[in-house]
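Step one of this worksheet: look at the structure below.
Start at 1 with the first residue, then count along the sequence.
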Amino acid sequence: MDKIKIRGLEFDNVTMDEALEKAEGFIERGEQCVIFTPNAEIVQMAIEDESFHALVSSADMLIPDGAGVVLASKIMKKPLKAKVPGCELAERLVKNSAEGKYKIFFYGSKPTTEAGPSVAELANKNMSEKYPGFEAAGFSHGYVKPDGYDALIENINSSGADILFVCLGVPMQEKWIAEHRDRINAKLIIGLGGTLDVFAGTVKRAPKFFVKANLEWLYRLIKEPRRIGRMMKLPKFIFGAIFIKEKD
């Protein structure tokens, strides 16, 4: 099965390797592809907001960024192959970019860090050190105002980037991509939330124990207790999956 519908959204049923191969295929064919990476919280947002649901559904690829979506697929007897974290897919693309396969533009997050440069610039520095040969085609912080979008898009296009990472957070990044994709030359446009912060080291990913135990959500909640309101969407999403299964 190429696509599996989970709570109204059609996810690509892929492993990490398959997601990477499929994404790179769009670049090779010269076709534009928008990728969104919904986790359970984001799917629940889409369930509760029709306009956001339509926005997420407009993507060419949806990959399950989170164990909750995979769990729901199993509950609904339509199991997805694997969790495909957007941050990890992004790093695989960076690694291949270092080998000269394509060029990537970083857009998003804060204009300054404790070290001085923007998060996007620091992410570029760290990735170039981790993967010798990598250099972002360009980068911009995410605090660009609407009257600066024309210049930003010109910068993206003139950079020759094949891939654009958009890290503005949900739902702003999805809205921005949907509104501007037709003006962007990059063939792969991906909404990646806090990925640049992870690359820059300003936000830490969960330790391996939490990742392997599918408890990344708990680690984020421990680190950011203010997320409790958003996290309440997780049990709501899972119970919804159980209810849908029982109805079927």
Side-chain angles (χ1 to χ4, degrees), residues 1-6 8-39 42-43 46 54-66 69-70 73 78-108 123-124 127-128 130-131 133-139 153 156-168 170 173-174 176-193 195-196 198-199:
M1 238 185 245
D2 291 333
K3 301 266 189 182
I4 291 181
K5 184 175 283 189
I6 305 297
L9 293 177
E10 291 194 343
F11 283 86
D12 288 75
N13 188 23
V14 289
T15 62
M16 176 63 75
D17 287 342
E18 290 168 345
L20 180 65
E21 182 180 0
K22 188 171 182 178
E24 289 181 332
F26 282 91
I27 300 173
E28 293 167 3
R29 295 190 299 273
E31 301 173 14
Q32 192 181 74
C33 171
V34 166
I35 301 177
F36 291 151
T37 60
N39 57 19
I42 294 169
V43 177
L55 203 59
V56 175
S57 296
S58 70
D60 302 291
M61 282 182 66
L62 288 182
I63 60 173
D65 182 347
V69 176
V70 177
S73 75
K78 297 183 287 186
L80 289 161
K81 292 178 182 178
K83 174 177 70 174
V84 184
C87 187
E88 294 179 17
L89 175 62
E91 186 159 351
R92 292 281 294 272
L93 290 166
V94 166
K95 181 180 179 182
N96 286 351
S97 176
E99 298 171 2
K101 287 190 174 184
Y102 31 68
K103 297 193 288 184
I104 305 173
F105 192 104
F106 290 171
Y107 169 41
N124 174 58
M127 288 296 102
S128 65
K130 186 172 183 178
Y131 298 104
F134 175 76
E135 184 70 31
F139 44 80
I153 292 170
I156 294 167
N157 289 340
S158 63
S159 75
D162 305 289
I163 302 172
L164 172 62
F165 289 176
V166 182
C167 301
L168 303 177
V170 178
Q173 64 194 17
E174 288 79 11
W176 192 91
I177 291 170
E179 182 177 351
H180 300 289
R181 65 178 294 180
D182 291 342
R183 301 173 57 200
I184 295 169
N185 294 338
K187 298 308 176 188
L188 208 59
I189 306 173
I190 316 177
L192 287 166
T195 293
L196 291 183
V198 174
F199 287 177

- Answer whether the closest heavy-atom distance between the side chains of Leu20 and Glu24 falls below 4.5 Å. yes
- Query: When rounded to the nearest 0.5 angstrom, what distance separates OG1 in Thr37 from CD in Glu88?
  - Reply: 12.0 Å
- Rounded to the nearest 0.5 Å, the CD1 atom of Ile184 sits from the CG atom of Leu164 at a distance of 5.5 Å
- Note on the structure: To the nearest 0.5 Å, atom CG of Leu80 lies from atom OG1 of Thr15 at 11.5 Å
- Under the side chain to side chain donor-acceptor pair (under 3.5 Å) rule, collect the residues that match up with Glu135, sequence neighbours excluded. Asn124
- With a 4.5 Å heavy-atom cut-off, do Lys3 and Asp12 have their side chains touching? yes
- Message: For the CD1 atom of Ile177 and the CD atom of Glu179, what is their distance to the nearest 0.5 Å?
- Response: 11.5 Å
- Message: I'd like to know whether Gln32 forms a side-chain contact (heavy atoms from CB on, under 4.5 Å) with Ile189, so could you lay out the CA-CA distance, the side-chain angles of the two residues, the decisive distance to 0.1 Å, and finally the verdict.
- Response: CA-CA 8 Å; Gln32 192 181 74; Ile189 306 173; 3.6 Å; yes
- Message: Could you report the tightest heavy-atom contact between Thr195 and Leu192, atom names first, then the distance?
- Response: OG1-O, 2.8 Å
- For Tyr131 and Glu91, what are the C-alpha separation, side-chain angles and deciding distance, and is it a side-chain contact (heavy atoms from CB on, under 4.5 Å)? CA-CA 10 Å; Tyr131 298 104; Glu91 186 159 351; 2.6 Å; yes
- Task: Check Phe11 against Val69 and note the closest heavy-atom contact, atom names and distance.
- Result: CZ-CG1, 3.8 Å
- Item | Minimum-distance pair of heavy atoms, taken over all atoms of Asn13 and Pro79 | OD1-O, 4.1 Å
- Message: Less than 4.5 Å apart, side chain to side chain, heavy atoms only: is that true for Asp60 and Arg181?
- Response: yes
- Message: Between Ser159 and Gly138 (side chain of the first, backbone of the second, donor and acceptor by atom type, cut-off under 3.5 Å), is there such a pair?
- Response: no
- Lys22, NZ: over 12 other non-hydrogen atoms inside 6.0 angstrom: yes
- Message: According to ring-ring contact (aromatic ring centres under 6.0 Å, His included), who are the partners of Tyr107, at least two apart in sequence or on a separate chain?
- Response: Trp176
- Item | Nearest non-hydrogen partners of Glu18 and Val14, listed with the distance | OE1-CA, 3.3 Å
- Query: Who are the side chain to side chain contact (heavy atoms under 4.5 Å, CB included) partners of Asn185, not counting sequence neighbours?
  - Reply: Asn157
- List the steps, then state whether side-chain contact (heavy atoms from CB on, under 4.5 Å) holds for Val94 with Phe199. CA-CA 10 Å; Val94 166; Phe199 287 177; 4.0 Å; yes
- To the nearest 0.5 angstrom, please state how far the CD1 atom of Ile190 sits from the CE atom of Met61. 8.5 Å
- Partners meeting side chain to side chain donor-acceptor pair (under 3.5 Å) with Glu21 (sequence neighbours left out): none
- Query: Under 3.5 Å, is there a donor-acceptor pair between the side chain of Glu10 and the main chain of Ser57?
  - Reply: no
- Query: Any donor-acceptor pair under 3.5 Å linking the side chain of Asp65 with the backbone of Pro38?
  - Reply: no
- Indicate the atoms forming the closest heavy-atom contact of Cys167 with Gln173, along with that distance. CA-OE1, 3.8 Å
- Listed partners of Phe105 passing ring-ring contact (aromatic ring centres under 6.0 Å, His included), at least two apart: none
- Indicate yes or no: at least one non-hydrogen side-chain atom of Ile42 is less than 4.5 angstrom from one of Phe36. no
- Query: Short question: side chain of Ser97, backbone of Tyr102 - any donor-acceptor pair under 3.5 Å?
  - Reply: yes
- Asp162 side-chain N/O to Lys187 backbone N/O, donor-acceptor pair under 3.5 Å: no
- Task: Using atom types as modelled and distance alone, determine if a side-chain donor or acceptor of Lys83 lies under 3.5 Å from a backbone N or O of Val70.
- Result: no
- Note on the structure: Sorted by chain and number, sequence neighbours left out, ring-ring contact (aromatic ring centres under 6.0 Å, His included) with Phe134 holds for Phe106
- Item | Evaluation steps, side-chain contact (heavy atoms from CB on, under 4.5 Å), between Leu93 and Leu188 | CA-CA 11 Å; Leu93 290 166; Leu188 208 59; 4.2 Å; yes
- Query: Closest approach of Ala19 and Val84, non-hydrogen atoms and distance?
  - Reply: CB-CG1, 4.0 Å
- Message: To the nearest 0.5 Å, what is the distance between CG on Leu62 and CD1 on Ile6?
- Response: 11.0 Å
